[in-house]
Amino acid sequence: MQINILSESEAATLRELIAASERIVICGHKSPDGDAIGSSLGWAAYLRSLGKSPDIVMPDAMPDFLHWLPNSEKVVRHDKRTAEVSRMLQQADLLFCLDFNDPGRVEDMQADVVASPARKVMIDHHLDPNFPDTALAVSHPEMSSTSEMVFRVVWQLGGFEGLDRQWAAPIYCGMMTDTGGFTYNSTNPEIYFIISQLLTKGIDKDKIYRNVFNNYSSWAVRLRGYMMCQKLNVFEDLHASYYAMTRTELRDFHFIRGDAEGLVNEPLRIKGLKLSISLREDTERDNLVLVSVRSVDDFPANEVAARFFNGGGHVNAAGGKLHCSISEAEQVARKAIRAFADRLKA
């Protein structure tokens with residue numbers, strides 16, 4: 001079974017970069033999800049096994065349901081400690097950019113990332129990389145997650161045997177969350193070999209699942225029920241749906257980041273449904289709507305996100321954003337569904 005993903009020259013370059021560096025920073029994308037956090041924590045654990053002391057920085061908060069992850073308390077947020085993160089990036093001699101392939105994905109932190117004098121290494125699984133001036137770019141869109149890629153790189157570099165459960169748990173969590181509990185983008189047999197190897201480290205995969213997917217407040221459960229009961233728009237003839245969450249509704253249900261995680265997948269339980277679109281009004285910034293798009297089989301969620309929502313992603317899982325009111329965003333969603341009518345009906 002082929003696990004290695006680096007060429008011999010790439011592996012040599014990566015070893016040399018790590019060995020020559022003293023101030024290492026690991027960075028993930030804005031609104032970090034399970035894969036961004038899991039891959040970053042896992043990569044940091046590997047670097048610590050080599051005697052390094054990496055810092056982990058994120059543009060803003062991770063979801064509440066990821067705070068159980070080992071060493072998550074060490075993550076430094078740019079939006080809370082801006083000067084400190086800027087200093088870290090300015091002083092770094094090696095910067096790992098994980099789970100994003102374009103500096104724009106870190107948004108308010110972009111200027112500091114681009115200006116950092118550090119040599120930059122990108123490890124990512126998204127389509128169409130656009131990350132200039134990297135010392136090494138490891139891009140594999142066919143992979144389930146960046147966490148899977150981190151496992152493969154660690155395995156190839158010979159680091160697997162020396163790592164423990166605190167490394168394996170975030171790697172498994174990242175793979176699990178980026179595949180919806182291994183329900184999409186997870187047909188490659190290598191994924192299940194990797195899972196079997198992670199289990200040898202003593203992780204409890206069932207508990208990890210519960211920590212992520214069964215860890216909501218009562219208000220979050222009520223919000224999810226309300227959205228599916230009162231706000232879900234289903235186009236039966238087009239096999240598509242969308243729902244919109246307003247700022248007022250989020251406030252009424254005491255919304256915190258992560259409360260709507262995975263909700264966009266729920267409509268796909270409807271028999272024959274191919275496309276689900278989630279629209280969420282930002283709780284702080286006016287005229288900003290966050291969009292998630294999910295699909296099944298070969299219907300291209302990423303194409304919908306790119307054409308209508310200024311985004312992109314994978315075939316079955318994509319996202320984007322709109323700079324408009326929530327009502328205007330609903331009109332865009334309806335337009336997107338109509339534009340793909342023929343393919344949805346097929």
### Minimal non-hydrogen separation, Ala318 against Ala305, with atom names
CB-CB, 3.7 Å

### Nearest heavy atoms of Ala317 and Tyr184, plus distance in Å
CB-CE1, 3.8 Å

### From CG (Asp79) to CD (Glu107), nearest 0.5 Å
11.5 Å

### Gap separating the CG atom of Asp282 from the CG atom of Leu322, nearest 0.5 angstrom
12.5 Å

Answer yes or no: are there more than 12 heavy-atom neighbours, outside [X] itself, under 6.0 Å from its atom [atom1]?
X      : atom1 : answer
Lys201 : NZ    : yes
Asp206 : CG    : yes
Glu284 : CD    : no
Arg165 : CZ    : no
Glu73  : CD    : yes
Arg23  : CZ    : no
Asp342 : CG    : no
Lys231 : NZ    : yes

Is the backbone of [Y] close enough, under 3.5 Å, to the side chain of [X] for a donor and an acceptor to pair up by distance?
X      : Y      : answer
Asp102 : Arg105 : no
Gln2   : Asn4   : yes
Asn215 : Asn211 : yes
Asp259 : Ile256 : yes
Ser21  : Ile24  : no
Glu190 : Met1   : no
Glu281 : Thr246 : no
His29  : Val106 : no
Ser72  : Trp68  : no

Check whether the ring centres of [X] and [Y] lie less than 6.0 Å apart, and answer yes or no.
X      : Y      : answer
Phe213 : Phe65  : no
Trp167 : Tyr46  : no
Tyr172 : Phe151 : no

### Task
Just say parallel, tilted or perpendicular for the rings of Trp155 and Phe193, cut-offs at 30° and 60°.
perpendicular

### Task
Take the angle between the ring planes of Tyr192 and Phe182 and call it parallel below 30°, perpendicular above 60°, tilted in between.
tilted

Polar contact flag, side-chain donor to acceptor under 3.5 angstrom, [X]-[Y]:
X      : Y      : answer
His125 : Asp178 : yes
Glu328 : Ser325 : yes
Ser9   : Ser7   : yes
Tyr242 : Ser278 : no
Ser144 : Asn185 : no

#### Entry: Heavy-atom check, side chain of Leu268 versus side chain of Arg294, under 4.5 Å
yes

#### Entry: Side-chain heavy atoms of Leu250 within contact of Leu223, under 4.5 Å
yes

### Task
Group every Ile, Leu, Val, Met, Phe, Trp and Tyr by side-chain heavy-atom contacts under 4.5 Å, then state whether Met245 and Val293 land in the same group.
no

